[in-house]
Structures are given as structure tokens and as C-alpha cells.
Novice: 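My structure is below; once you've seen it, I'll send some questions.
Every heavy atom of this structure was used, including side-chain atoms; hydrogens, water molecules and symmetry mates were not. Since the structure is predicted, the reported quantities are computational estimates derived from the model, not experimental observations.
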Amino acid sequence: MSRLTAVVGKGLRAVLGLVLLVLGYAGFFALSASMARYPVVLPKDEAPRWARGAFHVHTTRSDGRGTPEEVAAAAKAAGLDFVVLTDHNDFALRAPAYVQGVLLVPGVEISTSDGHLVAFGMSRPLEGMRAWMPPGDAVRAVAAAGGTAVLAHPVQKRNPWKDEASAKEVPGFELYSADTFFRHAVRNPVSRLVPAVGASLANPVHGVMVLVAPEPEPTARFLELSSERARVAFCAHDAHGLPPYRAVFESLAMYLPPEQVPFPLPPDAKEAAEQVSRALGGGQSLCAFRALGEPGGFALEGLDAVRREAHVGDTLTVRLPGLPDAESVQVRVWGSARLGADGRSVELTEPGVAQVEVWVRAPGRFFGTEWRPWLVPSPVRVLPRGPGI
């Protein structure tokens, strides 16, 4: 019995030592988080206010932790104007509504046999819907209902989109996903998850931003699909309440340019939801990691802004918002383009598609900094230069 007692005692001491080690490790990141300062880019006083909201949010109608009313309260506390609710397989055509001053826009995340599809902006009921239906049928049903379809976390290891034919027909693509960042952190507990948990103890927004670790696969897949037809880039909260809704809402948002959607939104919920849905699906919306700074004043000039097209040989100019530090902000490009020597102009080099993003040196997991995406517009299709152009 004494030997058993000794073994048990040794095991308990080992577990206690491990717990203390994890707590100390997490506490180190809590200390660094208490010194993290946001926003990184300060706004200009005269910068226009863009309507901002959360896209792809779950409630207790499916697997979310909060009711629609609680989600609206979190959105209001975070300073959002709208939330696109997308509960799993919630096929009822719900009416948009203002709750606590926040516009709740109805949508749905459809579970197909080959991946998940987010849909919003439907003017008519979805017909023939069921969980795990063929992906092509779901895509066609959304189009028939007048809605916009978006590939949800399309290259996520847990729930990727596997059907190539239907992927080519979907206009929207979740280029950055908070849920995917979280799942990536779970697979990397020492380097990502524990630092994020520790940071959240002192600074919940920094805890979410620590999770932001972009990988190359989504961009590569996005460019591949965008070369065939115009696509819309989305930053998806895919919020379920863990991390907390408010912290995720304060970290990133979809923004609508004021020349397309005036701020404040119209008081009539139906009219406001139509404007929001049209802007989100039209390609002029902007994904922004808002903890880093507001996008008011941002512009990508030199293209057809509505069609998001330009020609080989054209030069685009990136107008940065706020008061950026030149050494802390980078313009990054992928695809059929190269960055000019001034670091702000983008030269279109060949037919195809160009993705232009603005990245910022942000507070890191430790006491240094890490480069993180800040402003993410939809891609630009680069057309051949025809005769006389």
C-alpha cells in the first residue's frame, strides 16, 4: 500500500508540476498582452465612417453559444452595424430585423456532401433544401433564390470544399476565417493556442489577433478560382462564441464603402439588409482586421471598381487610410502583378488575377511584432490589352 501511495503521490506531483508549467507559460503571454497596444494605425480625424459588420455568425439556433439577442448585444458593444447570421441548415426565410440597434441579416450555412456553403441575400425561399445534399444542387438553389453563395473555409483541413465543378460556380470565397485560425491553433498548442489563451486573460482582442496566422493554401486556391471568373473575398468570423463574440467582432469585420452603403444604415430593416447584402456580394466590400486600424480613406485606384477589372500594363495605386508609419505597413501582391519600387503602386504584368493586400507590423505573441493582414479587398481580374487600349 505504501508503494502505491508513493506512486500516486509522484503522479500527482508530476501533474501539478505540468499544470504550474502551463500556467506560468500562459502567464508570460498574459504579461506581454497587457503591453500590446491597438490600433496600430491611427485614424485621421476627417476619415469617412464605413458601415461595418460581422459575416458568418452562429447562434443557439444551431451550434452557437449565444442567442440572436446576445449576439446583437455583443455586436453593439463592439461597435458593429450589422451581423449576417448563418446557422447551420436553418433554411427558413427569416426577416431582417434591428435588435439593440444592430441589423441582423438572415443567412444560412448549408452542410453539403462535399463541404459547407454560406448563403445570404435570398429574396425568395430556398427550395429542395436538406442537410448533406449534393453541392451543385445547393449552389443552384441559392442562385435560384436570388442569394449569394460563399465557399465556407474551403481549404480547412476539417471541412474543406471537395467538389471542383461547383466551386467554379460560387462567387464568394472565405479567404480568412477566424474559425480556421482557431483550429490551426488547436493543432499547434504550444506555439499558438496557449499564447492566445494567455493573451486573452489580459487582452481578449490581442488573444484573437495572436490566432491570426495566415497560411498560403487559401490564397493559392483563391487565385486559382478567381482566374476563371470574378470572385469576392470574405473575412469570416465563423463565430460560435468561443473565443467570445465581442472579442472576435472587435478584431475583424467586413466594411462597406460609404459611396455604396451610406452610414448610418437606413432605418427600415428590409431596405438596409438589401443594401448590405448587395454590397457584400458585389465585390466592393472590404475585409479589415479592425483591431489594427479603421479602413476609412482606403482606395485601390486605377481599375474599374464595379467590375474589378484592369488591363495588362495598367498601374494600380494603393491609398492608405489613417496615419501609417511607413516602416510598419506593407502592400503585398500575389498573382499577375508586381509591387512598384515606391511600395504603393502595383504593376499588372500578365492576364489573370491580382490580389492586393495591406499588411501591418502588429503586436506579436511575445514582446516583438509580427506581420499580419490588415486590409483585404477582393481580387482584380487582369485582362489582355486589346487594340487601341
Novice: Which pairs, with at least one residue in residues 244-273 and sequence neighbours excluded, count as a salt bridge (charged side-chain N to carboxylate O under 4.0 Å, His left out)?
Specialist: Arg246-Glu250, Lys270-Glu274
Novice: Quick one: side chain to side chain contact (heavy atoms under 4.5 Å, CB included) partners of Asn89, sequence neighbours excluded?
Specialist: Phe91, Ile110, Ser111, Ala131
Novice: What pairs of residues pass the side-chain hydrogen bond (donor to acceptor under 3.5 Å, both in side chains) test when at least one of them lies in residues 92-108, not counting sequence neighbours?
Specialist: Asp90-Arg94
Novice: Quick one: list whatever passes side chain to side chain contact (heavy atoms under 4.5 Å, CB included) with Glu347, sequence neighbours left out.
Specialist: Thr315, Arg338
Novice: Donor-acceptor pairs under 3.5 Å, side chain of residues 132-145 to any protein atom, not counting sequence neighbours: which ones?
Specialist:
unit_1, atom_1, unit_2, atom_2, d
Asp137, OD1, Arg140, NH2, 2.7

Novice: Identify, with sequence neighbours excluded, every residue that meets salt bridge (Lys or Arg N to Asp or Glu O under 4.0 Å) alongside Arg49.
Specialist: Asp81
Novice: Which residue pairs satisfy the disulfide (SG to SG under 2.5 Å) criterion with at least one member in residues 169-278, sequence neighbours excluded?
Specialist: Cys235-Cys287
Novice: Taking distance alone, no hydrogens or angles, what donor-acceptor pairs closer than 3.5 Å link side-chain atoms of residues 291-299 to residues at least two apart or in another chain?
Specialist:
unit_1, atom_1, unit_2, atom_2, d
Glu294, OE1, Arg52, NH1, 3.0
Glu294, OE1, Tyr255, OH, 3.1
Glu294, OE2, Arg52, NH1, 3.4
Glu294, OE2, Tyr255, OH, 2.8

Novice: Under the salt bridge (Lys or Arg N to Asp or Glu O under 4.0 Å) rule, collect the residues that match up with Glu301, sequence neighbours excluded.
Specialist: Arg319
Novice: Can you confirm whether the side chains of Arg332 and Gln330 place a donor and an acceptor under 3.5 Å from each other?
Specialist: yes
Novice: Report the residues that fulfil side chain to side chain contact (heavy atoms under 4.5 Å, CB included) with Pro160, sequence neighbours left out, ordered by chain and then residue number.
Specialist: Lys162
Novice: Are a donor atom and an acceptor atom from the side chains of Ser166 and Trp161 found within less than 3.5 Å of each other?
Specialist: yes
Novice: List the residues meeting salt bridge (Lys or Arg N to Asp or Glu O under 4.0 Å) with Glu164, not counting sequence neighbours, and say none if there are none.
Specialist: Arg221
Novice: Hey, does the side chain of Asn203 reach the backbone of Ser200 with a donor-acceptor pair shorter than 3.5 angstrom?
Specialist: no
Novice: State which residues pass salt bridge (Lys or Arg N to Asp or Glu O under 4.0 Å) with Glu370; sequence neighbours excluded, sorted by chain then number.
Specialist: Arg192, Arg365, Arg372
